[in-house]
Amino acid sequence: MTATEPADFVSRVLGVVDSIPPGRVMTYGGVAAQLGSRAARAVGQVMARYGSEVAWWRVIRAGGHPPIGHEAQALPHYEAELTPLLRSAAGLPTATAASATTTTDAAYRVDYAAARWSPT
DNA sequence: TGGGTGACTAAGT
DNA sequence: CACTTAGCCACCC
């Protein structure tokens, strides 16, 4: 009921994410692009609310960094799916203290160049 | 109905 | 490559 149908964006985003095969990753912007929108942030919001039911770890940011606040949670998932990963600084974390401000601080990164997947 | 937030992106330094 | 600033879109209260 109501005018807004929950199957507008949420179901569509979840559908695309669920459509991503194991060992592959897609950026928020890529998922949003499949929906015909550029609301990469909205996709992240949907994931935060309903992502619990989908492979959110298969969805990463443009730079190849995993979702903020969930890097440690996604890491074991990537290893389980054999997703191509890259160690920060070629294996040795710079350990240059914490960035503090926004952005990530993950000690690893996803090889989006090799794991990026595009829908047929 | 309106305002604020955010699992983002791109460009510049 | 990493950090900073500005822009955009959809969802939540």
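These figures come from a predicted structure and were not determined experimentally.
Atoms CD1 (A:Ile68) and C1' (B:dT9) sit 12 Å apart, rounded to a whole Å. As rounded to whole Å, 11 Å separates atom P of C:dA2 from atom CG of A:Leu86. We find that CG of A:Leu14 is positioned 16 Å from P of C:dA10, with the value rounded to whole Å. Taking atom CG on A:Leu35 and atom P on B:dC8, their separation rounds to 16 Å, with Å as the unit. When the P atom of C:dC9 is taken as reference, atom CE of A:Met47 falls 21 Å away, rounded to whole Å. Taking atom OH of residue A:Tyr28 and atom P of nucleotide B:dC8, one finds them 6 Å apart after rounding to whole Å. When the P atom of C:dC8 is taken as reference, atom CZ of A:Arg38 falls 11 Å away, rounded to whole Å. Taking atom CD of residue A:Gln34 and atom C1' of nucleotide B:dC8, one finds them 17 Å apart after rounding to whole Å.
Closest approach of A:Ala115 and A:Gly23 over heavy atoms only: CB-O, 3.9 Å. When every heavy atom of A:Met26 is checked against every heavy atom of A:Val31, the shortest pair comes out as CE-N, 3.8 Å. Between A:Glu81 and A:Pro22, the shortest heavy-atom distance links the atoms OE1-CB, 2.6 Å.
Using a 4.0 Å heavy-atom criterion, one finds that A:Gly29 contacts the sugar-phosphate atoms exclusively. Across all strands, A:Ala62 comes closer than 4.0 Å only to sugar-phosphate atoms, never to a base (heavy-atom distances).
Nearest to the side-chain atoms of A:Ala42 among the listed nucleotides C:dA2, C:dA10, B:dA10 stands C:dA10. Of the candidates C:dC1, B:dT9, C:dA10, C:dA10 carries the atom nearest the A:Ala39 side chain, counting heavy atoms from C-beta on. Here the nucleotide nearest the side chain of A:Phe9, chosen from C:dC11, B:dC8, B:dG6, is C:dC11.
Taking CZ from A:Arg24 and OH from A:Tyr112, the interatomic distance works out to 11.5 Å, rounded to the nearest 0.5 Å.
A donor-acceptor pair under 3.5 Å links the side-chain atoms of A:Tyr108 to the main chain of A:Glu71, judged by distance alone. Without hydrogens or angle criteria, A:Tyr50 side chain to A:Gln45 main chain gives no donor-acceptor distance under 3.5 Å.
For the segment residues 49-58 of chain A, the set of residues with a heavy atom within less than 4.0 Å of an atom of DNA chain C comprises A:Tyr50, in numerical order.
Ring geometry, A:Trp56 versus A:His70: the interplanar angle exceeds 60°, so the pair is classed perpendicular (tilted spans 30 to 60°).
A donor N or O paired with an acceptor N or O is not found under 3.5 Å between the base of C:dC9 and the side-chain atoms of A:Arg41.
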